[in-house]
Asker: 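First the structure, which I've put down as structure tokens, then a few questions once you've had a look.
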Number of protein chains: 2
Amino acid sequence: MVDSYKAHGRHLPPSKSTAASDVPTRILEEATRLFAARGFDGTSLSEIAGAVGIRKPSLLYHFPSKDALRRSVLEHMLSHWNELVPRLLKAATSGEDQYDALLRETVGFFTADPDRARLLVREALDRPDEIGALVQRHVRPWADVVCQHIRKGQAQGRVHPNVDPEAYVGQMINLIISSVATYKCIGDVAPRGVSPDEMRRRHILELCRVAKSSLFISPASATAQGRENGRENGRENGRENGRENGRAAR
Amino acid sequence: MVDSYKAHGRHLPPSKSTAASDVPTRILEEATRLFAARGFDGTSLSEIAGAVGIRKPSLLYHFPSKDALRRSVLEHMLSHWNELVPRLLKAATSGEDQYDALLRETVGFFTADPDRARLLVREALDRPDEIGALVQRHVRPWADVVCQHIRKGQAQGRVHPNVDPEAYVGQMINLIISSVATYKCIGDVAPRGVSPDEMRRRHILELCRVAKSSLFISPASATAQGRENGRENGRENGRENGRENGRAAR
DNA sequence: CCTACCGATCGGTAGG
DNA sequence: CCTACCGATCGGTAGG
């Protein structure tokens, strides 16, 4: 169905006109897209090769096996994630405004390319042990930092005393990733004529409100932050994660 | 690999000794389990047939195709869900205790059989349009009722005025389902020696706290509910969803 | 980076 | 409910 053994001359390969990029990178990008959309088992090497404009054996020259390609896709995404971590840690200092920046950075990473969220959720279901180890290595370090700030906030009376820091952080990460991964469906809970894009924006806003409102005692999060509608919150995908936010947190 | 064309005499079929149940029901159960664990594309009809103790063509006698089996699995789960809806609507009257019961009923439905959550998340990723339509039919009606109660609570000053009811309900449903579906991974965010079961219990407790704390203005949710540890919350799977809760909400 | 090809397994059917 | 079998497609290799 995909390995069409004809009509593939050097002219018009199905390239997406994504400018340059070498072949291995193109393979990684198309594999990410297809794994996220159809899953690992639901995607054939021929499909990926076809999307890149080469043939299956050529793909297997760059990546020794399908599973090796899968691991490379994960590593590729993690390298993007690691670029963000320093900024995350900088934003993780206590205070509600700083926490808002931390939330927006994290949400922005996944809304900038929802495939990241879809891929992570799929892998968490398909290979929980592997993703678990990955979470331990790449998420837990700065999650621990956030937990420390939460406990400090509790000692200072700014954070609800009954927050379970580890569980709270785990649930918020879970909420961010899965809401981006499945926003096509949760938007169907209640759109009485609201556009899908508008509903998605409202979901992101509500996510941030829930995260802060359930953390801070301060009534600030319950009044100032909520109904500021026409801001640059609904970040468009395609661009790399936002770096223009975090300043104008309110 | 699975269709072992030998050693399958009437004696010792790989039945799980699950007592009675007719063959179609057994097929549905094993298909649910395998689809949830490995995904639709990652599960072969031979595997399902083997788990039931029959052969692939026999399975295709009961279900005309693999896709028909998938749809039946979804319907089978929805029939269980529909049993719960009346109780849900009864619990959906306003008030924090009633809302706590609603949360526990919903959480209990998925923790009673986490495969339900895993299956839903997988289907939402694989066939978002189909699950979207399903959400519209089976979730939106009572979600609308909950939204009405939230607005009433806002009018009475018991609920945060900046809650976006539709978005809030969508995110809470999303949070419940995905946290049950991926609890094997989010538990790895921060277990410094805590057992996985204990961490799962804390995640469920924190989920309920976040849901209430971000909704109600009342400081009750910020003090009374949090640190009551040794209750019967960590419901074991295998049994049908809980009916012993909802009474002792605090 | 390609053509040609491999064994294995897939969903599904014939026929009883 | 079974055996036997179908064409299609899978991941991967040989060889250039």
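Values below: every heavy atom of this structure, side chains too, minus hydrogens, waters and symmetry copies. None of the values given here were measured: they were computed from a predicted structure. Every chain is numbered from 1 and lettered A, B, ... according to where its sequence line falls, protein lines coming before strand lines.
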Asker: My understanding is that only residues two or more places apart in sequence, or in another chain, count here; which of them pass side-chain contact (heavy atoms from CB on, under 4.5 Å) with A/Asp115?
Answerer: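 Residues passing side-chain contact (heavy atoms from CB on, under 4.5 Å) with A/Asp115: A/Thr32, A/Arg33, A/Ala36, A/Asp113, A/Arg118.
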
Asker: Can I get a per-line list of side-chain donor-acceptor pairs under 3.5 Å for residues 128-137 of chain A, giving both atom names and the distance, sequence neighbours left out?
Answerer:
residue	atom	partner	partner atom	Å
A/Glu130	OE1	A/Arg70	NH2	3.2
A/Glu130	OE2	A/Arg70	NH1	3.0
A/Gln136	OE1	A/Arg140	NH1	3.2

Asker: Considering only D/dC10, D/dG12, C/dG12, which nucleotide approaches the side chain of A/Lys56 most closely?
Answerer: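 Within the option list, the nearest is D/dG12.
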
Asker: Applying side chain to side chain contact (heavy atoms under 4.5 Å, CB included) between B/Leu28 and each of B/Val73, B/Val52, B/Ile48, B/Val23, report the one that passes.
Answerer: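 Filter result, single survivor: B/Val73.
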
Asker: Take the protein atom CG of B/Asp41 and the nucleotide atom P of C/dT9, then report the distance between them rounded to whole Å.
Answerer: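 Taking atom P of C/dT9 as the reference, CG of B/Asp41 is at 18 Å.
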
Asker: Sequence neighbours left out, what passes ring pair (Phe, Tyr, Trp, His ring centres under 6.0 Å) with B/His138? Give chain and number order.
Answerer: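 B/His138 satisfies ring pair (Phe, Tyr, Trp, His ring centres under 6.0 Å) with no residue once adjacent residues are dropped.
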
Asker: Go through C/dC1, C/dA14, C/dC2 for me and flag the one nearest to the B/Pro57 side chain.
Answerer: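 Closest nucleotide among those given: C/dA14.
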
Asker: Which word best sums up how the rings of A/Phe109 and A/Trp81 line up, parallel for under 30°, tilted for 30 to 60°, or perpendicular for over 60°?
Answerer: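 Taking A/Trp81 first and then A/Phe109, their aromatic rings stand perpendicular (interplane angle over 60°).
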
Asker: Decide yes or no, distance alone: a donor-acceptor N/O pair under 3.5 angstrom between the base of D/dG12 and the side-chain of A/Lys66.
Answerer: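 Answer is no: no donor-acceptor pair is held.
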
Asker: Nearest whole Å is fine: how far is C/dG11 P from B/Arg55 CZ?
Answerer: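 Spelled out: CZ on B/Arg55 to P on C/dG11 is 16 Å.
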
Asker: Whole angstrom is fine here: how far is it from CZ in A/Phe63 over to P in D/dG12?
Answerer: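 A/Phe63 atom CZ is separated from D/dG12 atom P by 13 Å.
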
Asker: Go through C/dC1, D/dC1, C/dG12 for me and flag the one nearest to the A/Val23 side chain.
Answerer: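 Nearest nucleotide to the side chain: C/dC1.
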
Asker: Rounded to whole angstrom units, what separation is found between the CZ atom of A/Arg70 and the P atom of D/dG11?
Answerer: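 One finds 14 Å between P of D/dG11 and CZ of A/Arg70, rounded.
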
Asker: CG of A/Asp22 versus P of C/dC1: gap in Å, rounded?
Answerer: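 For the pair A/Asp22 CG and C/dC1 P, the rounded distance is 9 Å.
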
Asker: Rounding to an integer number of Å, can you tell me how far B/Leu60 CG sits from D/dC5 P?
Answerer: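 Result: 19 Å.
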
Asker: For DNA chain C, what string of dots and brackets results from 5' to 3' when Watson-Crick and G-U pairs need both distances under 3.5 Å, crossing pairs get [ ], and pairs with another strand get |?
Answerer: ||||||||||||||||

Asker: Which nucleotide in the set C/dG12, D/dC10, C/dC10 lies at the smallest distance from any side-chain heavy atom of B/Ser46?
Answerer: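 In terms of side-chain proximity for B/Ser46, the closest of C/dG12, D/dC10, C/dC10 is C/dC10.
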
Asker: Could you work out which one of C/dC2, D/dC10, D/dA4 sits closest to the side chain of A/Ile54?
Answerer: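 Minimum distance to the A/Ile54 side chain belongs to C/dC2.
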
Asker: Determine the contact category for B/Leu45: base if any of its heavy atoms lies under 4.0 Å from a base atom, sugar-phosphate if only primed atoms, P, OP1 or OP2 are that close, otherwise nothing.
Answerer: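 Sugar-phosphate, backbone atoms only, no base.
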
Asker: Find the distance B/Tyr61:OH to C/dG16:P and express it as a whole number of Å.
Answerer: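 Rounding to the nearest Å, OH of B/Tyr61 and P of C/dG16 are 17 Å apart.
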
Asker: According to ring pair (Phe, Tyr, Trp, His ring centres under 6.0 Å), who are the partners of A/Phe35, at least two apart in sequence or on a separate chain?
Answerer: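 Testing A/Phe35 for ring pair (Phe, Tyr, Trp, His ring centres under 6.0 Å), a comparison that skips the adjacent residues, returns A/Phe40.
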
Asker: Expressed as a whole number of angstroms, how long is the span from B/Phe40:CZ to C/dC10:P?
Answerer: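 Rounding to the nearest Å, CZ of B/Phe40 and P of C/dC10 are 13 Å apart.
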
Asker: What pairs with A/Glu198 under salt bridge (Lys or Arg N to Asp or Glu O under 4.0 Å), at least two apart in sequence or on another chain?
Answerer: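 Once residues adjacent in sequence are excluded, the partners of A/Glu198 under the salt bridge (Lys or Arg N to Asp or Glu O under 4.0 Å) criterion are A/Arg201.
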
Asker: Would you mind telling me which of D/dG12, C/dC10, D/dT13 lies closest to the side-chain atoms of A/Ser65?
Answerer: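 The listed nucleotide nearest to A/Ser65's side chain is D/dG12.
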
